[in-house]
Amino acid sequence: KAGVTQTPRYLIKTRGQQVTLSCSPISGHRSVSWYQQTPGQGLQFLFEYFSETQRNKGNFPGRFSGRQFSNSRSEMNVSTLELGDSALYLCASSLGGGGNIQYFGAGTRLSVL
Amino acid sequence: AQSVTQLDSQVPVFEEAPVELRCNYSSSVSVYLFWYVQYPNQGLQLLLKYLSGSTLVKGINGFEAEFNKSQTSFHLRKPSVHISDTAEYFCAVRDSNTNAGKSTFGDGTTLTVKP
C-alpha cells in the first residue's frame, strides 16, 4: 500500500508570492491533517479535512487555507508569503476516527526568500 | 485545550545503555497518547500509542511507554539503544472524545546515541 505522498518535496519562493502544496493520502483514508514544523515553534496544527469538509482549524492567519477533493487528496495554499512561513509542512492521513493512527508524509520544505 | 511538555530537549546516551524520554501532558479532557520518531529529512513515524487498557504499551523497535494518569505522564523507554536510534522523538496527545485529527505535540527530544 502506498504511503502518504507530498509534492513537491522542496520549494523556494519569495516574499509576497503564493504557494500550493499537495498531499495524497493512503488509499481509503478520508482524513487529512496539515502541520507546520519550525525550529522555533515546533509542530503546530494547521487544519484537518474529512470528506471534503474542514473539521478542525488551528490558530493560523487566513493566509493559510486548504481544501480536499472527492478522492481525499488535499491541497494547502499560503498567500502573500512571509519570511516566517519558511518551514517543513507535513500532512498526515488517517481513517478519520479519533484513535486512528495518523500516517505522515515526508513533508514539503518551503523556503521563503 | 491540551499541552505537552517534553522535559529534556537533548538526551545523549552510549550505545547499549537504557534510555528514558520524559513526557508530561495537561488536558481538561481525556486523551489518547502517542510517541513518534523523526529521522532527518523525513516525516514522523509512529512508535506506539495508548488508547485505553493496559498502561504499559509496547511499540516498534523495542520501545515501550507507560501511561500514568495520576502524574499525567507518558514516558518512553528502551532497555538498550543502538546507534540507529539517533533521531528526534515527539510525544503527542489527541482528544479522545471526538474524532478530530488534531494532535498536540511536544517540542521534541533529540536522542543521540554515541558509540
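All chains are named by letter (A, B, ...) in the order of the sequence lines, taking the proteins before the strands, and each is independently numbered beginning at 1.
Heavy atoms of B/Ser103 lying under 4.5 Å from chain A belong to its backbone as well as its side chain. In this structure, chain A has heavy atoms under 4.5 Å from both the backbone and the side chain of B/Lys102. When heavy atoms are compared at a cutoff of 4.5 Å, A/Ser33 approaches chain B solely by way of its side chain, counted from C-beta outward. Within the 4.5 angstrom heavy-atom criterion, only side-chain atoms of B/Gln38, from C-beta onward, approach chain A. Interface residue A/Leu90: only side-chain heavy atoms are found under 4.5 Å from chain B. Neither the backbone nor the side chain of A/Gln6 has a heavy atom closer than 4.5 Å to any heavy atom of chain B. Proximity to chain A is limited to the side chain of B/Leu46, based on heavy atoms less than 4.5 angstrom apart. If you measure heavy-atom distances from A/Leu46 to chain B, you find no contacts under 4.5 Å at all. Heavy atoms of A/Tyr49 lying under 4.5 Å from chain B are absent altogether.
Aromatic pair B/Tyr36/B/Phe105: ring centres closer than 6.0 Å.
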* For the pair A/Phe60 and A/Phe45, evaluate side-chain contact (heavy atoms from CB on, under 4.5 Å) and give the outcome as yes or no after the intermediate values. => CA-CA 9 Å; A/Phe60 278 81; A/Phe45 174 77; over 6 Å; no
* Applying side-chain hydrogen bond (donor to acceptor under 3.5 Å, both in side chains), run through B/Thr109 and B/Gln6 and close with a yes or a no. => CA-CA 7 Å; B/Thr109 297; B/Gln6 291 185 239; 3.2 Å; yes
* Go through the steps to decide whether B/Asn68 and B/Ser70 satisfy the test side-chain hydrogen bond (donor to acceptor under 3.5 Å, both in side chains), and finish with yes or no. => CA-CA 6 Å; B/Asn68 187 318; B/Ser70 62; 2.8 Å; yes
* Asked: Can A/Glu52 and A/Ser70 be said to form a side-chain hydrogen bond (donor to acceptor under 3.5 Å, both in side chains), step by step?
  -> CA-CA 6 Å; A/Glu52 302 180 65; A/Ser70 59; 5.0 Å; no
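B/Val4 is connected to B/Phe74 through a chain of hydrophobic side-chain contacts under 4.5 Å among Ile, Leu, Val, Met, Phe, Trp and Tyr, so both are in one cluster. When the side chains of ILVMFWY residues are joined at heavy-atom separations under 4.5 Å, either directly or via intervening members, B/Leu48 and B/Phe67 end up in a single hydrophobic cluster.
Annotation: cation-pi geometry satisfied between B/Lys78 and B/Phe63 (NZ/CZ under 6.0 angstrom from ring centroid, within 45° of ring axis). Under a cutoff of 6.0 Å and an axis angle of 45°, A/Lys57 and A/Phe47 do not form a cation-pi pair.
Counting only N and O atoms by type, the side chains of A/Thr38 and A/Gln41 include no donor and acceptor under 3.5 Å apart. In this model, no donor atom of one side chain and acceptor atom of the other lie less than 3.5 Å apart for B/Thr112 and B/Thr86. Between B/Arg22 and B/Ser73, the side chains place no donor N or O within less than 3.5 Å of an acceptor N or O (distance only, hydrogens not considered).
At a heavy-atom separation below 4.5 angstrom, chain B is approached by no residue within residues 74-86 of chain A. Residues of residues 103-113 of chain A lying within less than 4.5 angstrom of chain B, judged on heavy atoms, are A/Phe104, A/Gly105, A/Ala106 in numerical order.
The shortest distance between side-chain heavy atoms of B/Glu64 and B/Leu47 does not fall below 4.5 Å.
Counting heavy-atom neighbours within 6.0 Å of B/Asp107 CG, excluding the residue itself, gives a total of 12 or less.
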